[in-house]
A.B. asks: 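My questions will all concern the structure given below.
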Amino acid sequence: MKTLDSDERRGFGRPTWLEVDLARIRGNYRVIRGMVPSKARILCVVKDDAYGHGAKRVATVLQEEGADWFALSTLDEALELRSAGIVGHMLVFGSVPAEGVRAAIEQDIALSVPGDGAASEFASVVPAGKRLKVHLKVDTGMGRNGVLSDEAPIVLRALNDMRRLRIEGIYSHFSCADSDESYSSMQLRRFEKVLHQATVEGIRPPIAHLSNSAGILMIKSAMFDGVRPGLLLYGCSPIEGVPIEGLRPAMSLKTRLVGFKTVPPGYGISYGRTYLTYRPTVVGVLPVGYADGYSRMLSNKSSVLVRGKRVPVIGRVTMDQTMIDLTEVPGVACGEEVVLMGESGDQRITAGDLGSLAQTISYEILCIVGKLVPRTYRDRVGTEVA
Ligand SMILES: *Cc1c(COP(=O)(O)O)cnc(C)c1O
């Protein structure tokens with residue numbers, strides 16, 4: 001048998017793909033720019049491969065739009081963006097091992113410190129004559145990482161004495177900006193108190209930031225020196241069921257019909273026979289399943305779009321195949337494009353729609369698209385104004 005060269009091995013996967021419309025990400029960025037005061041920095045949250053959209057491509061177009069701040073979960077992600085030519089400021093939210101400090105300094109990447117323990121560990125490995133940029137993470141009520149706000153002033157003083165660190169920022173994170181205004185106000189007051197104390201002592205870091213996407217929309221007085229939008233950049237609403245004027249979803253998930261046949265009434269569809277046909281039914285087969293990120297939770301619940309029409313998913317979603325009821329859409333053929341998430345005619349299915357059917361949130365729907373699903377990109381610079 002002859003060995004295949006790499007070209008011959010390509011192109012025979014499932015006809016299921018993810019489309020990212022970069023022009024929409026540009027448009028969403030401009031909409032956000034219009035929502036926040038011009039002096040407030042926009043820390044574009046492109047962590048976790050830009051919520052599944054592809055961090056390099058997304059950061060590159062944002063940079064073209066003038067974005068100069070990027071936030072990531074890990075140092076590796078930040079280093080990856082640096083080598084892809086992203087020159088703006090960068091902040092890593094997550095924990096970084098002390099071994100990463102040298103690379104962070106060399107590549108001018110700021111790290112988060114959740115307390116003075118982590119800070120002194122970092123400081124101890126900073127090479128002589130260098131300084132590491134850090135942002136102090138304050139827990140004002142999220143209950144995740146960060147120093148409790150009561151202790152924050154003491155920690156800030158300690159950090160300020162560490163000559164190997166440059167305290168560039170201080171930040172906190174809302175736990176329910178989308179749903180609980182009074183709790184968010186309490187978080188805001190705690191953060192303001194820390195900043196006030198720091199100002200009095202003359203150690204207020206230059207960049208204070210608090211708001212995520214929901215905070216930007218709901219708590220206008222929390223912009224400080226910068227905001228950290230993630231979901232808004234991708235065109236989704238952080239508030240369930242509330243569309244945001246001007247934002248357009250950048251991600252679509254599409255596939256093609258690979259088979260169909262008519263089965264009689266009373267015929268069981270897919271594993272477990274959870275769907276029984278009630279009439280002669282044209283059953284379509286889609287080459288997509290939960291391994292691709294189309295959740296099994298969507299079994300018998302979601303619909304897909306075929307030629308601008310909504311068509312129900314019937315039976316269980318399997319690992320790599322899903323069945324639909326095509327009885328009401330005459331004349332379709334194999335190869336027909338099917339939209340799992342996105343738009344067709346005047347119909348649309350959003351990540352939020354799929355999230356509520358799958359008992360999760362839009363964020364997870366965006367992030368779980370499988371590794372085997374090829375990403376395709378569209379970008380019409382300057383066109384598509386929201
Ligand atoms: C992920 C994240 C964000 C962005 O959240 P969105 O709701 O997507 O805007 C902001 N700040 C921190 C600390 C985060 O972890």
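Along the sequence shown, residues carry numbers from 1. Both ligands and their constituent atoms are indexed starting at 1 by order of listing.
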A.B. asks: Return a table of donor-acceptor pairs under 3.5 angstrom between the side chains of residues 141-156 and protein atoms on other chains or two or more places apart.
C.D. replies:
unit_1	atom_1	unit_2	atom_2	d
N145	OD1	K137	NZ	3.0

A.B. asks: Can you give me every donor-acceptor pair (side chain of residues 41-51, partner residue at least two apart or in another chain, under 3.5 Å) with its distance?
C.D. replies:
unit_1	atom_1	unit_2	atom_2	d
R41	NH1	D225	O	3.3
D48	OD2	S73	OG	2.9
D49	OD1	A55	N	2.8

A.B. asks: Who are the residue neighbours of ligand 1 when the rule is a heavy atom under 4.0 Å from any of its atoms?
C.D. replies: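 Protein residues near ligand 1 are V45, K47, Y51, F93, R144, H173, N212, S213, R228, P229, G230, L231, Y363.
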
A.B. asks: Provide the full list of ring-ring contact (aromatic ring centres under 6.0 Å, His included) pairs with a residue in residues 162-199, sequence neighbours left out, each pair given once.
C.D. replies: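 Matches after skipping sequence neighbours: F93-Y171, Y171-H209, F191-F224.
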
A.B. asks: Is a side-chain N or O of T281 found less than 3.5 angstrom from the main chain of T277, in a donor-acceptor match?
C.D. replies: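 No: the side chain of T281 does not pair with the backbone of T277.
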
A.B. asks: Side chain of S362, backbone of A351: donor and acceptor closer than 3.5 Å?
C.D. replies: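 No; judged by distance alone, with no hydrogens or angles, the pair does not exist.
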
A.B. asks: Test Q63 against T60 for side-chain hydrogen bond (donor to acceptor under 3.5 Å, both in side chains), laying out the working first.
C.D. replies: CA-CA 5 Å; Q63 179 163 271; T60 301; over 6 Å; no

